Amino acid sequence: MLQSPSHSNCLQPRRAGHQPQQQRPAATPTVTSCHARSCPTYHPPQHLGWSSANNSRASSQRRPSVARATPAERGVDVVGFGNLCVDAVLPMEQLPPADPGVRRQLLDSLTASPPDKSSWEVGGNCNFMVAAARLGLQVASVGHIGTDVYGEFMDEVLREEGVQATTRIEPSPEAQPQSQSEPQSQSQSTPVVVDSTLICFVLVDAASHHAFCSRYDFGPWPLLAGMRTLPSEATGVLRSSRAIFTNGFIFDELPLEAVQAACSDAIRHGAAIFFDPGPRCQTMLEGPRRAALDLLLDLSCVVLMTEEEARVVTGLEDPEAAAKWVLARPGARAQWVVVKMGAQGALLCTRGAGSGSNSTSGNGKGANGHSHPGFDNGHGSGNGNGCGGGGVQTTRMGAVKVEVVDTVGCGDSFAAAVVMGFIRGWSADVTLALACAVGGATATGRGAGRNVARLEKVLHLLEEGATGTGGGSAAPPEQRAAFGRARELLLQSLARRQGQAQGQGQQLSAAA
C-alpha cells in the first residue's frame, strides 16, 4: 500500500514475551454448521465495458447459487457493521507508556473532561463507510451508538457524506454489563454506560506517531452481552446489501452468537462478508475470543490483514503463506485474502479456476482479461493447495508513491476499494490498483473520518500509476495497465451511480 511510519498503539499491547512462531497448526474452526463453502457471485454489467466473451468465461467458472436478489435489485452495496465511534484527536508532547494502569488513569482523565468539538472526527468503521461512499457505493450503517451528542454528530457527518442513517442496535432489556465468560480484569473506575457513543482518543505526538485509547480496551467484552439476535430493522438492512464489512472490534460490542446469527442470515440472503481482524486480533488468540475470530475467518468471502495481523492470526511469517492458510481452513468460504504490506504494496490470494467466484484462469488472466502483475510470465504463482480443487493464484501490486502524512484510516479506505472491486467483478490486479491508490490518497492527509481519500486525489494517483509518472516509471507494464483500467472502471461506475442518483433525486457524497 504505502510506507507506514512507526507508531505506538496503547490500545493493543502485545502480550509480554509473545513472539509469533514460524508456524503453528491451523486452529480448528469452532463454527461450521452454516458454511455454504461458496460465496455469492456478481456479474459485471455489460455497459461497464466488459465483453460478452469475458462474461461467459467468468460465469462458466462459477457455481450454481440459490435464487436471490441481483445486485441491481438491492438497495445497498455495502453495510458497515459495528465499530462506530467518534475520534477525539489530541496532540501530546509524548505518547503514554504501555502500562495498563497509566493508560487507564489517562482514559479516566480524558473522559471526565471531554475535548472541544473542534477535535472531534468520526472514526472506526466510519472511515470505511466514508471512503466507500466517495467511491460511489451505496452505503448503510448498522451498529451501536448512543442518543448523546456524539451520536448526533456521527449521524450528521455520515448523512453529509451520503451514508444512510445508522440503524441502531438497541440494547436488549436482558443485556448484562459484563460477559460471564470474560470477566473484566482491569480497574472498574470508568463505568460502563450502555446508551453512549464510543469515544476513541487519538493521541498524536510531535513526530506524528499516534496511539489510541478508549473504554473498549478495558472491557467488559462484549458490551451488549445479553443480545443474541439483532433487532429486525437491523437484520433487514443487512439482508438488503450486497456486502457487509466488519472488523475485530465487533466482538467488543456483540457476543459471538449475535454476530453469527446476523452474518449467517445475511449470507443466506446473498450478501458477501468482508472481515478485517484489525489490531484487536492481538486479544483474540485463545478462549471465547479465538472462537469469535475463527467464526468470521470461516464466514467471510474476503479477509483483509496487515502483515503483522497475518502473523498474529496464522503464526506464519510469510504473507503469502498466511493468506493461503486462511483459504485452506476446513469449511472456510473465503475466496479472496488480502495482505497489506506497507511500502511493498499488497498481495491478494484467490481461489483458482473452478473453485468459486472471482477466480483467475491458469493463464493469469482475471475476469476482465487483464494479466496479473504478480504472476511470473503471466501464469499464476500458486501451484495448488487443495482449495476448491483449483489451487490458489497470487496477485501482487506495488505501492503508490506518496508523501505520507498520516496512516490513520489507510487500511479502512483500502478495504472500501477491495469491496468495490469484488462486488463489481473486477480482476484481482485492477482491484489492488484501486485499493493502493485509495489507501495512498488517505495517507496524504492528517486524520481519518472526513479526511480519508478524496476522489480527485484517487483519480490523480491512478493516472500517475497508469502513465508511470510520479515515481512509478519502474513499474511493469502489467501494473500500469491495471492502474489505467481501475481508473476507467471507477469513472464508469461513478457516472452510472450519478445517473441513478439524479433519477432518484439524491446526491453522491459531497467529496465524490
Side-chain angles (χ1 to χ4, degrees), residues 1-2 4 7 9 11 78-91 110 114-137 139-146 148-166 196-204 208-214 216 245-247 249-250 276 278-279 402 404-417 419 435 438-458 508-512:
M1 245 176 41
L2 50 105
S4 300
H7 64 277
N9 187 334
L11 289 187
V78 62
V79 173
F81 182 27
N83 186 216
L84 305 178
C85 70
V86 171
D87 287 346
V89 183
L90 303 175
L110 294 173
D116 185 81
K117 190 174 181 179
S118 62
S119 70
W120 297 3
E121 187 53 81
V122 294
N125 235 356
C126 296
N127 302 331
F128 165 84
M129 291 187 288
V130 171
R134 291 179 178 181
L135 292 175
L137 296 179
V139 186
S141 172
V142 171
H144 173 68
I145 60 175
D148 49 23
V149 293
Y150 299 109
E152 293 175 358
F153 170 77
M154 184 184 299
D155 275 340
E156 179 182 356
V157 170
L158 292 181
R159 182 173 61 252
E160 290 175 350
E161 289 290 341
V163 178
Q164 295 183 19
T166 296
S196 63
T197 304
L198 175 65
I199 308 300
C200 179
F201 298 100
V202 183
L203 314 176
V204 185
S208 295
H209 300 154
H210 54 269
F212 306 90
C213 196
S214 82
Y216 276 16
F245 177 82
T246 193
N247 57 40
F249 289 95
I250 188 69
D276 185 337
V402 298
V404 176
V405 176
D406 190 356
T407 60
V408 174
C410 291
D412 302 316
S413 305
F414 183 101
V419 170
V438 175
T442 295
T444 62
R446 187 174 300 282
R450 290 166 292 182
N451 301 308
V452 299
R454 295 186 177 274
L455 181 60
E456 60 270 20
K457 184 63 175 179
V458 173
L508 290 179
S509 163

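Note that this is a predicted model, so its numbers are computed, not measured.
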Residues which pass side-chain hydrogen bond (donor to acceptor under 3.5 Å, both in side chains) with Thr246, listed by chain and number, not counting sequence neighbours: none
Point-to-point distance, once rounded to the nearest 0.5 Å, from CG of Asp276 to CD1 of Ile250: 13.0 Å
Side chain to side chain, Cys200 and Tyr216, heavy atoms closer than 4.5 Å: no
Approximate separation, where rounding is to 0.5 Å, of His144 NE2 and Thr166 OG1: 12.0 Å
Nearest-0.5 Å distance, CG of residue Leu203 to SG of residue Cys213: 6.5 Å
Shortest non-hydrogen contact between Leu84 and Ile145, atoms and distance: CB-CG2, 3.7 Å
From CA spacing to verdict: side chain to side chain contact (heavy atoms under 4.5 Å, CB included), Arg134, Leu455: CA-CA 6 Å; Arg134 291 179 178 181; Leu455 181 60; 5.5 Å; no
Sequence-distant partners of Tyr150, ring-ring contact (aromatic ring centres under 6.0 Å, His included), two or more places apart: Trp120
Backbone N/O of Thr197 and side chain of Asp148: donor-acceptor pair under 3.5 Å: yes
Tabulate below the donor-acceptor pairs under 3.5 Å that side-chain atoms of residues 442-452 make, not counting sequence neighbours, or state none.
unit_1 : atom_1 : unit_2 : atom_2 : d
Thr442 : OG1    : Ser413 : OG     : 2.8
Thr442 : OG1    : Val438 : O      : 3.3
Thr442 : OG1    : Ala453 : N      : 2.9
Thr444 : OG1    : Ala441 : O      : 2.6
Arg446 : NH1    : Ser208 : OG     : 3.0
Arg450 : NE     : Glu121 : OE1    : 3.2
Arg450 : NE     : Glu121 : OE2    : 3.0
Arg450 : NH2    : Glu121 : OE1    : 3.3
Asn451 : ND2    : Arg446 : O      : 3.3
Asn451 : ND2    : Ala448 : O      : 3.3

Shortest non-hydrogen contact between Met129 and Gly80, atoms and distance: SD-CA, 3.8 Å
Residue pair Phe201 / Pro115: nearest heavy atoms and the distance that separates them: CE2-CD, 3.9 Å
Under 3.5 Å donor-acceptor, Asp87 side chain and Val89 backbone: no
N/O donor-acceptor pair under 3.5 Å between Asn125 side chain and Gly82 backbone: yes
Minimum heavy-atom distance between Ala132 and Val78, given as atom pair plus value: CB-CG1, 4.3 Å
Contact summary for Phe212 and Val408, nearest pair of heavy atoms: CZ-CG2, 4.2 Å
Non-hydrogen atoms of Asn127 and Gly409 that approach each other most closely: ND2-CA, 4.2 Å
Pairwise distance CG(Asn83) to OG(Ser141) - rounded to 0.5 angstrom: 10.5 Å
